Amino acid sequence: MDQRIVVIDFETTGLSARTGDRAIEVAAVEIIDGQVGRHFASLMNPGVHVPSFITGLTGITNAMVRSAPDSMAVMRGLAQFVEDAPLVAHNAAFDAGFYGHEMRMQGIDRENPFLCSLRVARRIYPRAPNHKLSTLADYVDIPMQGTFHRALADADLTARIFVTMCGDIRARYGIRSLSVALLERLQSVRVASADAWLTKVGYEETAGTR
DNA sequence: TGCCAGGCCCTCTTTAGGGCCTT
């Protein structure tokens with residue numbers, strides 16, 4: 001894939017922006033020419049309390065958030081880093097919800113398309129024990145660098161898993177031009193028929209170059 | 001008062017239910 005894409009991960013106060021939860025940390029990692037490149041990462045202060053459960057899960061404390069830049073500054077920096085790139089997240093519905101919510105709260109108009117590494121993984125690695133980020137890292141033999149449930153470590157790991165998945169798709173099915181559009185199509189193919197669909201796509205691409 | 005996320009995905013389905021995944 002020669003298009004610049006950006007992997008994004010939020011740490012938040014809970015599971016839903018709609019019920020008042022807010023982002024407290026964000027990281028974005030770019031992928032260019034199939035290689036992991038620059039990153040953007042920051043804690044952010046939305047002015048809300050961090051629940052003890054979240055501190056236990058992430059290690060992010062109320063003191064850390066209070067001394068962080070406010071949400072406006074961080075989301076502006078994130079918008080500059082992301083630009084108009086397609087975004088990738090593990091369980092994208094979650095991160096897309098917070099991305100849209102936090103951008104709107106700061107008056108920033110962004111409509112980046114999202115790809116879901118979880119949905120792709122379910123189709124490419126149907127035999128994995130499960131499709132949690134940590135399990136997938138073990139399954140494709142990628143070591144974690146950093147701490148789970150911190151934004152930069154999770155985004156970087158997601159980026160390296162995504163690059164590996166794209167490489168496996170190319171190698172397994174003979175697909176050379178692995179575009180964002182093709183991955184969006186793959187996400188909508190039923191899990192049970194993804195293997196046959198990718199085989200067909202690879203065959204058609206090979207036939208088209210003869 | 002009682003409840004409190006929500007989209008994806010499979011199956012003992014489709015007039016539904018429950019597990020998976022994210023924090």
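The sequence lines fix the lettering, A, B, ..., with proteins before strands; numbering per chain opens at 1. When reading the values below, keep in mind they use all heavy atoms of this one structure, side chains included, and skip hydrogens, waters and symmetry mates. Computed from a predicted model, the values in this text were never measured in an experiment.
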For the C1' atoms, the ones on B/dC10 and on B/dC4, what distance do you get once it is rounded to whole angstrom? 26 Å
Looking at A/Phe114 versus A/Tyr99, is the centre-to-centre ring distance below 6.0 Å? yes
Please compare A/Ser188 and A/Phe53 by the position of their nearest nucleotide in DNA chain B and report the one closer to 5'. A/Ser188
With a 4.0 Å heavy-atom cut-off, tell me which residues in residues 134-150 of chain A come close to DNA chain B, sorted by residue number. A/His149
Kindly point out which of B/dC10, B/dT23, B/dC21 is positioned nearest to the side chain of A/Asp154? B/dT23
Please classify the nucleic acid contact of A/Asp9 as base, sugar-phosphate, or nothing, using heavy-atom distances under 4.0 Å. sugar-phosphate
Integer-rounded Å distance: B/dC21 P and A/Ile161 CD1: 13 Å
Whole-Å distance separating the CD1 atom of A/Ile124 from the P atom of B/dC9: 13 Å
Which part of the nucleic acid, if any, lies within reach of A/Ala192 when heavy atoms closer than 4.0 Å are counted: base, sugar-phosphate only, or nothing? sugar-phosphate
A/Arg123: what forms a salt bridge (charged side-chain N to carboxylate O under 4.0 Å, His left out) with it, not counting sequence neighbours? none
Could you tell me how far B/dG7 sits from B/dT23 if I compare only their C1' atoms? Round to whole Å. 16 Å
Working to the nearest 0.5 angstrom, can you tell me the gap between A/Ile54 CD1 and A/Thr12 OG1? 5.5 Å
In whole angstroms, how far is the P atom of B/dT23 from the CD atom of A/Glu25? 11 Å
May I ask you to say what A/Asn130 touches in the nucleic acid, namely base, sugar-phosphate or nothing, with a heavy-atom cut-off under 4.0 Å? sugar-phosphate
Between N or O atoms, less than 3.5 Å apart, protein on one side and nucleotides 3-7 of chain B on the other: list the pairs.
| residue | atom | partner | partner atom | Å |
| --- | --- | --- | --- | --- |
| B/dG6 | OP1 | A/Arg18 | NH1 | 3.3 |

Tell me whether A/Asp154 contacts the main-chain N or O of A/His149 through its side chain, where contact means a donor paired with an acceptor under 3.5 Å. yes
Under 4.0 Å, counting only non-hydrogen atoms across every strand here, what does A/Leu133 touch: a base, just sugar-phosphate, or nothing? sugar-phosphate
Measure the distance from NE2 on A/His131 to P on B/dC21 and round it to the nearest whole Å. 7 Å
Salt bridge between A/Arg150 and A/Glu25, side-chain N to carboxylate O under 4.0 Å? yes
Distance, P atom - from B/dG18 to B/dT14, rounded to whole angstrom: 13 Å
Work out how far the P atom of B/dG6 is from that of B/dG2, and round it to whole angstrom. 22 Å
Could you pull out all residues at least two apart from A/Arg122 that satisfy salt bridge (charged side-chain N to carboxylate O under 4.0 Å, His left out)? none
When the P atoms of B/dC20 and B/dT15 are considered, how many whole Å apart are they? 25 Å
Return the set of residues passing side-chain hydrogen bond (donor to acceptor under 3.5 Å, both in side chains) with A/Thr58 (not counting sequence neighbours), or none when no residue passes. none
Give me the distance, rounded to whole Å, that separates B/dG19 from B/dC12 when you measure between the C1' atoms they each carry. 15 Å
Excluding sequence neighbours, so at least two apart, what forms side-chain hydrogen bond (donor to acceptor under 3.5 Å, both in side chains) with A/Gln187? none
Testing the 3.5 Å rule here: is there a donor-acceptor pair between the side chains of A/Ser16 and A/Asp21? no
Going by atom types alone, do A/His90 and A/Ser117 pair a side-chain donor with an acceptor below 3.5 Å? yes
What nucleotide, of B/dT23, B/dT22, B/dC9, holds the atom closest to the side chain of A/Arg123? B/dC9
